[in-house]
There are 2 protein chains.
Amino acid sequence: MVVLVSPGLDEARLELGKALEARMMVTMVANCTVSYSGRTGSDIGEGERLIVLKGDGCVLVHRGRDYQPVNWQPSGCVFQTRIEGGRLLVKAVRPSPLETLTIEMDRIEFLSTFNLKDEAEFILHSSEEEMQKAILAEPDLIEQGLRVIDFEKKVAPGFVDVYGVDSQGNTVVIEIKKDPAGAAAVKQLVEYLKYLSPAEGKKVRPIIVAPSLAKGVLPTMEKMKIEFKPLTLQKSLETLQKRMKSDQKALKGWLGDAPSEKS
Amino acid sequence: MVVLVSPGLDEARLELGKALEARMMVTMVANCTVSYSGRTGSDIGEGERLIVLKGDGCVLVHRGRDYQPVNWQPSGCVFQTRIEGGRLLVKAVRPSPLETLTIEMDRIEFLSTFNLKDEAEFILHSSEEEMQKAILAEPDLIEQGLRVIDFEKKVAPGFVDVYGVDSQGNTVVIEIKKDPAGAAAVKQLVEYLKYLSPAEGKKVRPIIVAPSLAKGVLPTMEKMKIEFKPLTLQKSLETLQKRMKSDQKALKGWLGDAPSEKS
DNA sequence: GCCTAGGTCCCGTCT
DNA sequence: AGACGGGGCCTAGGC
């Protein structure tokens with residue numbers, strides 16, 4: 001770890017180069033201008049900003065406010081540094097699509113480099129995927145007798161979340177949303193319908209599964225005969241939890257209560 | 001500006017509190033766990049991360065790699081700090097939607113606080129808007145004789161980018177895309193067509209203006225009789241540039257070559 | 001490489 | 001407030 005307060009440009013460039021070489025993270029606070037050129041272009045004049053360069057080749061330039069960086073570059077960039085006209089220039093070039101971020105610093109308040117030890121796994125509890133898992137594990141969440149045939153099924157250009165048949169032999173097409181389902185969700189489902197046919201003498205039943213419906217969509221849904229089945233993340237998680245417990249119990253039974261091996 | 005290297009928890013909490021009170025930016029590097037609870041939930045175990053807290057109440061927790069923060073909170077949060085069980089806890093609570101981010105640090109490598117002076121304006125040279133401006137300034141970019149009547153014209157489900165008449169009196173409806181136009185662009189344009197009628201004995205001519213077309217859309221476009229006019233952002237910018245120069249020349253002429261005032 | 005869809009998307013804008 | 005669309009969106013998964 002290196003911490004420099006108000007380093008000279010040469011000193012800063014030296015540490016910066018060493019750190020980038022070693023794939024370390026660098027944070028700087030500097031008075032700078034930033035310009036971007038690529039898919040579009042941008043410019044911002046002089047100001048003090050926090051600059052973060054990571055070992056995987058991404059860049060963040062943050063102002064004193066706002067969640068979003070004012071300029072950035074995603075992972076995979078090649079860095080160059082050089083001193084020119086009394087300024088420290090840092091270029092981050094992304095090869096594809098070709099994009100260039102250029103930071104020109106004339107006064108560096110502060111520079112530090114770190115090697116962050118972090119092997120932890122990130123666990124996100126629940127999203128659409130959890131709802132899908134719950135439906136696959138327990139189709140009765142939607143309705144009794146539903147059998148799931150496929151999921152993430154490819155139709156024309158897109159993917160049906162869950163695809164199955166109901167107890168009457170009708171085709172069931174489910175679009176899952178974790179947030180209140182709006183017009184976009186309905187449109188998506190309607191689009192899929194064009195490419196799906198029911199069995200002989202049967203119907204296709206499009207169903208939106210979501211915690212609730214946005215306000216304007218009811219008329220369209222009625223017109224298109226789309227059904228709505230409320231399901232929350234909460235409920236999905238509970239279902240999966242229960243399922244896991246009963247699976248464990250079943251496993252115990254199979255193994256005669258012996259503790260299972262660890263992988 | 002304050003810079004502390006390996007501060008104790010109490011010292012860190014003191015500086016943190018002072019900085020947050022003063023709406024300054026704080027950056028820390030610490031061994032920590034982070035948990036989030038709100039629209040969904042997440043957890044991550046022990047690891048060293050870069051933590052940024054800004055004066056407008058947003059938080060970023062960055063790992064050693066990846067462009068995106070592993071955890072975050074947008075602007076508008078209320079911060080709380082406290083020491084508990086040998087750890088420094090920082091909570092960032094967002095009132096609506098109610099979400100809580102909790103960072104528990106047990107070893108702080110580094111803490112710094114800054115007051116960033118930055119009044120610069122951010123200028124994005126970009127995108128659809130420049131292309132639209134270019135077309136409005138020079139309709140001949142699309143075809144000779146085109147007259148623009150309106151832009152961002154409201155029709156039932158959205159806004160028509162540019163709306164005009166061609167030299168034959170046909171209605172022209174233009175959808176602009178800065179990227180290769182895909183199925184979505186075609187669909188959007190088709191949607192608008194339902195709500196637009198041509199003049200007596202005339203046609204409605206839908207035109208997609210984009211640098212190129214995505215691969216699958218040609219059949220649909222032919223079927224729907226949608227025209228394609230290639231236009232790049234580059235070309236648009238050149239046109240606007242030229243336009244600006246000629247405007248300046250005209251202005252100079254008006255002012256008798258006097259240098260224009262600075263605002 | 002392109003295309004599709006999701007995200008704790010974030011963000012502005014309008015009703 | 002909710003709803004809708006755009007973003008240099010980013011990112012993951014298929015093909």
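Lettering follows sequence order; numbering is per chain, from 1.
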Can you tell me if the side-chain N/O atoms of [X] get under 4.0 Å from OP1 or OP2 in [N]?
X	N	result
K154(A)	dT4(C)	no
R39(B)	dC9(C)	yes
R65(B)	dT11(D)	no

Open item on the list: Work out how far the P atom of dG8(D) is from that of dC4(D), and round it to whole angstrom.
Closed with: 23 Å

Base, sugar-phosphate alone, or nothing: which one does [X] contact when heavy atoms must sit under 4.0 Å apart?
X	answer
G38(A)	nothing
S37(B)	nothing
E128(A)	sugar-phosphate
Q73(A)	base
A214(B)	sugar-phosphate
K187(A)	nothing
P74(B)	sugar-phosphate
Q132(A)	nothing
F122(B)	nothing

Counting side-chain heavy atoms from C-beta on, which of [options] comes nearest to [X]?
X	options	result
E99(A)	dT11(D), dG8(D), dG7(C)	dG8(D)
W72(B)	dC10(C), dC3(C), dT4(C)	dC10(C)
D161(A)	dC10(D), dG6(C), dG7(C)	dG6(C)
K178(B)	dT11(D), dA5(C), dC9(D)	dC9(D)
Q68(A)	dG8(D), dC10(C), dA5(C)	dC10(C)
D179(A)	dC9(C), dC9(D), dC10(C)	dC9(C)
T40(A)	dT4(C), dT8(C), dG8(D)	dG8(D)

Task: Derivation of the side chain to side chain contact (heavy atoms under 4.5 Å, CB included) call for R49(A) and I103(A) - done: CA-CA 10 Å; R49(A) 283 132 208 169; I103(A) 307 172; over 6 Å; no

TODO: Report the residue (V217(A) or S96(B)) whose heavy-atom-nearest nucleotide on DNA chain D is the more 5′ of the two.
DONE: S96(B)

Open item on the list: Let me spell it out: for each of K215(A) and N71(A), pick the nucleotide of DNA chain D with the closest heavy atom. Which residue's pick is nearer the 5' end?
Closed with: K215(A)

Task: Pairing nucleotide - dG8(D), Watson-Crick or G-U, each distance under 3.5 Å - done: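 Across any shown strand, dG8(D) pairs with none.
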
TODO: Verify the stacking flag for Y36(A) against dG8(D): centroid separation must be under 5.5 angstrom and the ring planes must differ by under 30 degrees.
DONE: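 Check passed, Y36(A) stacks on base of dG8(D).
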
Using a strict cut-off of less than 4.0 Å between a Lys/Arg side-chain nitrogen and an Asp/Glu carboxylate oxygen, indicate whether [X] and [Y] qualify as a salt bridge.
X	Y	result
E130(A)	R243(A)	no
K117(A)	E119(A)	no
E191(A)	K194(A)	yes

- [ ] Report yes or no: is there a donor-acceptor pair, N or O only, under 3.5 Å between the side chain of D66(B) and the base of dT11(D)?
- [x] no

Task: Any N/O donor-acceptor pair, E152(A) side-chain to dG13(D) base, under 3.5 Å - done: no

Atom pair distance, as rounded to whole Å: [atom1] in [X] and [atom2] in [N]:
X	N	atom1	atom2	value
F159(A)	dC3(C)	CZ	P	14 Å
R94(A)	dC9(D)	CZ	C1'	11 Å
E129(A)	dA12(D)	CD	P	13 Å
R63(B)	dT11(D)	CZ	C1'	16 Å
L98(B)	dT8(C)	CG	C1'	13 Å
Y67(B)	dC9(C)	OH	P	16 Å
L60(B)	dC9(C)	CG	C1'	14 Å
L124(B)	dG6(D)	CG	C1'	12 Å

Open item on the list: Tell me whether the rings of W72(B) and Y67(A) are parallel (<30°), tilted (30 to 60°) or perpendicular (>60°).
Closed with: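 The arrangement is tilted - the two ring planes meet at 30° to 60°.
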
Open item on the list: So for atom CZ, which belongs to R65(B), do other residues, nucleotides or ligands contribute more than 12 heavy atoms lying within a distance under 6.0 Å?
Closed with: no

Task: Minimum-distance pair of heavy atoms, taken over all atoms of I51(A) and C32(A) - done: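 What the structure gives for the nearest pair is CD1-SG, 4.2 Å.
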
Open item on the list: A side-chain contact here means heavy atoms from C-beta on lying under 4.5 Å apart; do H62(A) and L60(B) qualify?
Closed with: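 They are in side-chain contact.
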
Open item on the list: For A183(B) and S42(B), find the nucleotide of DNA chain C closest to each by heavy atoms; which residue's nucleotide sits nearer the 5' end?
Closed with: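 In this pair, the answer is A183(B).
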
